[in-house]
Visitor: 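Can you keep this structure in mind? I'll have questions shortly.
On a predicted model such as this, the values are computed, not experimentally measured, just so you know. We number each residue from 1, following the sequence as shown.
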Amino acid sequence: MNYFKSFQEDILNFNIQDFEKKSIELFQFQAQNNPVYKTYLNARRINPDDVGEISQIPFLPVRFFKDFIVVSGDITQYEGFYSSSGTSGTITSKHYYWSEEFYLKNALNLFEKEYGSIRDFHVLALLPAYLERKGSSLVSMADYFIKESDSPYSGFYLYNHEDLVKVLWELKDDTKNVLLLGVTFALLDLAESNIKFPKMENLIVMETGGMKGRRKEMIREEVHEKLKASFHQSKIHSEYGMTELLSQAYSKGDGKYNLPITMNVLLRDVNDPLSLSSKRQGGINIIDLANFHSCAFIETQDLGRFDDQGCLEVLGRFDNSEVRGCNLMVN
């Protein structure tokens, strides 16, 4: 418990001067104290004492969150869990967390690191599919942002497009910024609703991915072009996160993400998941230090690459992986 409190304080205070050292420290802890991760390492015949640098850390396949309680320490010590959206008939992932307060504060810290104080925003959340079920980490985050923004205009919207657009017109010349945070299919539905949208210099449209079977999958460029045209924006922002992570990355345009201080990405070989890629493209392995209570080393089913500036681009998902709520295919 004291270890979790110490790690939590370091993350919330951005006290991570040496990411690799912190990662190795957390790996050694979880290799011994996370039953699921420990069993996985044993099955691969990996001795934790032989791991001395990030490139040697084994990553736990994300599907383990579907079948097991992935918790470090006492398996009964957790405050609650978030669950993935999934699709009809599929088993959803569950991410058991030690402290929801920590998750929310960390999420806000990472947002404000990129965009400034949430008090400078009106937060309009268009997350209909997520609001219609329990256990969404995205809804919890949006709800926290709405409350912390302390704006009478901030709030959730289901399918009441006219009410949302009315608020946009009211805030057109406001001194604060307007964050329109939406799941992708809902933003596209709004964009195609034949409602006239104001031209707003203070508007940020941020998509979180997700068609959820409501629409055909589209490449990112096509989605962003439609949204830019409808909302009169030169850039569409994006949030990259998932149930199994407690940190988020943000893109301010073109689908290129700046990784937060709590996160690092190593790309693995698409033909050999146990080896790192020698190229700038491969499967996305994520280290999320905010996952100190679960597992910080996650092998996702996403494909990615790094551009010349070191920004991460999410290219889509492996062909043999199931469709997820956060899926947004790109070229």
Side-chain angles (χ1 to χ4, degrees), residues 1-34 37-38 40-41 44 46-60 62 70-73 95 97-99 101-115 240-242 244-251 256-268 274-280 282-300 302 304-314:
M1 189 71 71
N2 289 334
Y3 181 82
F4 294 153
K5 288 183 178 179
S6 174
F7 223 93
Q8 171 181 281
E9 290 173 2
D10 285 347
I11 290 174
L12 293 179
N13 293 320
F14 293 108
N15 185 26
I16 309 174
Q17 285 83 17
D18 190 333
F19 188 94
E20 178 156 354
K21 181 179 179 181
K22 205 75 174 173
S23 297
I24 296 298
E25 173 194 333
L26 186 55
F27 164 75
Q28 295 296 341
F29 174 80
Q30 293 184 339
Q32 296 299 326
N33 295 280
N34 185 312
Y37 192 41
K38 185 176 183 178
Y40 176 70
L41 295 177
R44 288 186 52 185
I46 292 172
N47 183 353
D49 293 337
D50 294 334
V51 176
E53 55 187 55
I54 280 182
S55 62
Q56 299 172 326
I57 293 177
F59 290 78
L60 185 72
V62 72
V70 183
V71 170
S72 296
H95 190 174
Y97 53 79
W98 180 63
S99 167
E101 181 183 12
F102 163 75
Y103 163 68
L104 296 174
K105 286 184 176 180
N106 180 58
L108 184 59
N109 275 355
L110 299 183
F111 175 85
E112 292 187 332
K113 188 75 171 177
E114 288 291 325
Y115 292 97
Y240 178 64
M242 59 184 69
E244 301 84 1
L245 301 176
L246 294 183
S247 296
Q248 302 78 33
Y250 292 99
S251 164
K256 297 184 177 183
Y257 295 88
N258 293 314
L259 297 178
I261 191 173
T262 56
M263 186 186 291
N264 199 358
V265 166
L266 285 75
L267 300 179
R268 67 181 183 274
L274 304 184
S275 300
L276 296 182
S277 176
S278 59
K279 304 176 182 178
R280 290 192 298 181
I284 294 178
N285 288 347
I286 294 180
I287 300 175
D288 184 2
L289 296 182
N291 280 18
F292 55 79
H293 177 247
S294 54
C295 182
F297 313 99
I298 306 298
E299 176 193 292
T300 78
D302 292 332
R305 68 180 172 218
F306 287 107
D307 68 8
D308 294 335
Q309 286 71 47
C311 292
L312 176 69
E313 296 181 72
V314 181

Visitor: Would Y97 and Y103 count as a close aromatic pair, with their ring centres under 6.0 Å?
Guide: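 For Y97 and Y103, the ring centres are not under 6.0 Å apart.
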Visitor: According to the interplanar angle, ranging from 0 to 90°, do the rings of Y3 and F7 count as parallel (below 30°), tilted (30 to 60°) or perpendicular (above 60°)?
Guide: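 Tilted, since the angle between the ring planes falls between 30° and 60°.
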Visitor: Does any part of the side chain of P260, heavy atoms only, come nearer than 4.5 Å to the side chain of Q248, both counted from C-beta?
Guide: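 With C-beta onward as the side chain, the pair stays apart.
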Visitor: Between atom OG of S72 and atom CD of Q32, what is the distance when rounded to the nearest 0.5 Å?
Guide: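 Taking OG in S72 and CD in Q32, the distance rounds to 11.0 Å.
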Visitor: I need the L41 CG to I46 CD1 distance, nearest 0.5 Å.
Guide: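 Rounded to the nearest 0.5 Å, the CG-CD1 separation comes to 5.5 Å.
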Visitor: Please check if the side chain of N291 supplies one atom and the backbone of E244 the other of a donor-acceptor pair under 3.5 Å.
Guide: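 Yes: the side chain of N291 pairs with the backbone of E244.
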Visitor: Just wondering, do N264 and S23 contact through their side chains at under 4.5 Å, heavy atoms?
Guide: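 No, too far: nothing below the 4.5 Å cut-off.
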Visitor: Quick one, N34 and Y40 - any side-chain contact, counting heavy atoms below 4.5 Å?
Guide: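 The answer is no; the side chains never approach within 4.5 Å.
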Visitor: Are any of the side-chain heavy atoms of L245 and H95 separated by less than 4.5 Å?
Guide: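 A side-chain contact under 4.5 Å is absent here.
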Visitor: Between E101 and S99, is the side-chain hydrogen bond (donor to acceptor under 3.5 Å, both in side chains) condition met? List the steps.
Guide: CA-CA 5 Å; E101 181 183 12; S99 167; 4.8 Å; no
Visitor: CD1/I298 to CE/M242 distance, rounded to the nearest 0.5 angstrom?
Guide: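 The CE atom of M242 is 9.0 Å from CD1 of I298, to the nearest 0.5 Å.
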Visitor: Ignoring hydrogens, what is the shortest heavy-atom contact between Q56 and D50? Give both atom names and the distance.
Guide: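 Looking at all heavy atoms of both residues, the shortest contact is OE1-O, 3.4 Å.
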Visitor: Could you tell me which non-hydrogen atom of A296 sits nearest to which non-hydrogen atom of Q30, and how far apart they are?
Guide: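 Of all heavy-atom pairs spanning A296 and Q30, the closest is N-OE1, 3.0 Å.
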Visitor: Okay, side chain of S294, backbone of V71: is any donor-acceptor separation there less than 3.5 Å?
Guide: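 No: the side chain of S294 does not pair with the backbone of V71.
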Visitor: For the residue pair C311 and K256, what are the closest heavy atoms and their distance?
Guide: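 Smallest heavy-atom distance, with atoms named: CB-CB, 3.9 Å.
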Visitor: Between L289 and K22, is any pair of side-chain heavy atoms under 4.5 Å apart?
Guide: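 Answer yes - side chains close enough.
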Visitor: Might you point out which heavy atoms bring L267 and R305 nearest each other, and give the distance in Å?
Guide: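 So the two residues come closest at CD1-CA, 4.0 Å.
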Visitor: Parallel, tilted or perpendicular: which fits the ring planes of Y257 and Y240, with parallel below 30° and perpendicular above 60°?
Guide: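 Judged by the thresholds at 30° and 60°, the geometry between Y257 and Y240 is tilted.
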Visitor: Just to verify, which of I284, I287, T300, L274 counts as forming a side chain to side chain contact (heavy atoms under 4.5 Å, CB included) with F59?
Guide: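 Checked I284, I287, T300, L274 against F59; only one passes side chain to side chain contact (heavy atoms under 4.5 Å, CB included): I287.
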Visitor: Distance check, rounded to the nearest 0.5 Å: K21 atom NZ versus E53 atom CD?
Guide: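 Going from the NZ atom of K21 to the CD atom of E53 covers 16.0 Å.
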Visitor: Could you grab the distance from atom CD of Q8 to atom CD1 of I11, nearest 0.5 Å is fine?
Guide: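 Interatomic distance, Q8 CD to I11 CD1, rounded to 0.5 Å: 8.0 Å.
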Visitor: Quick one, P48 and F27 - any side-chain contact, counting heavy atoms below 4.5 Å?
Guide: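 In short, these two side chains touch, coming nearer than 4.5 Å.
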Visitor: Would the distance check show the side chain of Q28 and the main-chain N or O of V51 forming a donor-acceptor pair, the cut-off being under 3.5 Å?
Guide: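 Pair found, side chain donor or acceptor close to backbone of V51.
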Visitor: Show, in sequence, the C-alpha distance, side-chain angles and deciding distance for F306 and V265, and conclude whether the side-chain contact (heavy atoms from CB on, under 4.5 Å) test is met.
Guide: CA-CA 10 Å; F306 287 107; V265 166; 3.9 Å; yes
Visitor: When the ring planes of H293 and W98 are compared, do they come out parallel, tilted or perpendicular, using 30° and 60° as the limits?
Guide: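 Rings of H293 and W98: tilted, 30 to 60°.
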Visitor: Can a donor-acceptor pair be found between the side chains of N15 and Q17 at a distance below 3.5 Å?
Guide: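 Side-chain D/A pair, N15 to Q17: present.
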Visitor: Can you check side-chain contact (heavy atoms from CB on, under 4.5 Å) on T262 and I16, steps first, answer last?
Guide: CA-CA 8 Å; T262 56; I16 309 174; 4.3 Å; yes
Visitor: Is the backbone N or O of L246 less than 3.5 Å from a side-chain atom of N106, with the two atoms forming a donor-acceptor pair by type?
Guide: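 Yes.
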Visitor: I want to know whether F4 and F102 have ring centres closer than 6.0 Å.
Guide: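 No, the ring of F4 stays outside the 6.0 Å limit from the ring of F102, centre to centre.
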Visitor: Can you find a heavy atom in the side chain of F297 that is under 4.5 Å from one in the side chain of N285?
Guide: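 Result no, sub-4.5 Å side-chain heavy-atom pair not found.
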